[in-house]
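Notes follow once the structure below has been shown.
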Amino acid sequence: MSPVIPIRAETTTGCTDVTPLVQRGQREVFCGLTGIIWLHRKIQDAFFLVVGSRTCAHLIQSAAGVMIFAEPRFGTAIIDERDLAGLADVHDELDRVVHQLLNRRPDIRMLFLVGSCPSEVIKLDLSRAAHRLNQLHHPAVRVLNYSGSGIETTFTQGEDACLAALVPGLPSANPQVPSQNKPQLMVVGTLADVVEDQLRNLLEQMNITVNFFPPRNSQKMPVVGPNTRYLLAQPFLADTAKALQERGAKHLPAAFPLGIEGTTAWLQAAAQEFGVSPLLFEKVTAAPKQRAEKALAVHRQMLDGKRIFFFPDSQLEIPLARFLHREMNMDLVEVGTPYLHRQHMAPELALLPTGTRISEGQDVDLQLDRCVEDKPDMVVCGLGLANPLEAQGMTTKWAIELVFTPIQGYEQAADLAGLFSRPLRRREKLAA
Ligand code: SF4
């Protein structure tokens, strides 16, 4: 028997029919270049070349911490004043930079040209550049492009744009290979290797073969087609999901694998699709559930009854709010999301308490006013807002940390709770 998990039961349909508070104004959020930080760690033979300005180079270098690697897997081709003034042929310059890079780094098998605000301003056609460079460097290197520009994307949308760019090139099933011609599971969204290994292990114990997208190696892209059933591991992949559907793949709707409840629901969606018996499901999940429950109890003491406010950053806010409310007994003051994808969020919305204030998009000044007035115990926000809010006596959590840290699955549930309980404990100690 698995332990009874103290998950709050809501008696209604939750927030399924919620009308979010929609405000448009100034936004305080990173651009999509940020995704390079976790993407380059995942696809280990890929290189991300930002075609941008010194500001872009500073952003990814500071987001990645001090560059200690002699050969990092991302860089910036700087567009300077001459390029902006149209005095140089930017395509020639780009070809030269790419040529130099690939000569120096023969280990690169996949090159992403990543668009930015400056490349957008000068209307540099990166898809044309990628096409040309592909022909020049074929077959050693595959060149793709996507935009991480702050004009077009926020924060986690960079990953969505990157994965969506990869989908058209995914291999189709080979009719000669029987295993490729029966339903197969694909998990979509970048996960830390340790999380990927754990989830793979659980699924394989249920006799489900699974492929992860993106893979660790660009040469091992998963097959996609009408036999693909995919689970989203991250909530910010709207364009990727659309591209997969266009290749015939079928989405398995589920809550996201955060906390015990989310992880169980997520695994259950796969189990149901692949005909796993309830007995086997229970057998495989009982022990990790029990471990997670034990580990969560410590954090629940600290979080119980605390009030939390989310600014919109990563699109992880709604699943996080569901976990913190239902498993940690936190009260939700406002749950901001940069974009509300009704379909992908449906299983999550149903689990939130009816009447939760959900906001979509941002007018940062108005939202700050609400936050100050509400006086929450904890605020999840971007780096730029954290210091001013701390100065007003609030405890903050950087949204970006929640994307960098392995938080999915049973074994990470307590680490996830710890990201919220630790700052509160620290503040209590300081106040004592
Ligand atoms: Fe700034 Fe735009 Fe470069 Fe992002 S892409 S760092 S928003 S200039």
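Atoms within a ligand are numbered from 1 in the order they appear, just like the ligands themselves. Being a predicted model, the structure only gives us computed values, none of them experimental.
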Non-neighbouring partners of D125 that pass side chain to side chain donor-acceptor pair (under 3.5 Å), sequence neighbours left out
S127
Can you check whether R322's main-chain N or O pairs, donor with acceptor, with H325's side chain at less than 3.5 Å?
no
Run the ring-centre check on H251 versus Y230 and record whether the distance is less than 6.0 Å.
yes
Return all protein N, O or S atoms below 2.8 Å from atom 2 (Fe) of ligand 1, chain by chain in residue order.
C117 SG
Check residues 311-319 and write down every donor-acceptor pair under 3.5 Å in which the side-chain atom is one partner and the other belongs to a residue at least two apart or another chain.
| unit_1 | atom_1 | unit_2 | atom_2 | d |
| --- | --- | --- | --- | --- |
| D313 | OD2 | G382 | N | 3.4 |
| S314 | OG | L316 | N | 3.1 |
| E317 | OE1 | Q315 | N | 2.8 |
| E317 | OE2 | D313 | N | 2.6 |
| E317 | OE2 | S314 | N | 2.8 |

Okay, side chain of T153, backbone of G32: is any donor-acceptor separation there less than 3.5 Å?
yes
Keeping to residues at least two apart or across chains, list the salt bridge (charged side-chain N to carboxylate O under 4.0 Å, His left out) pairs with something in residues 228-242.
R229-E273
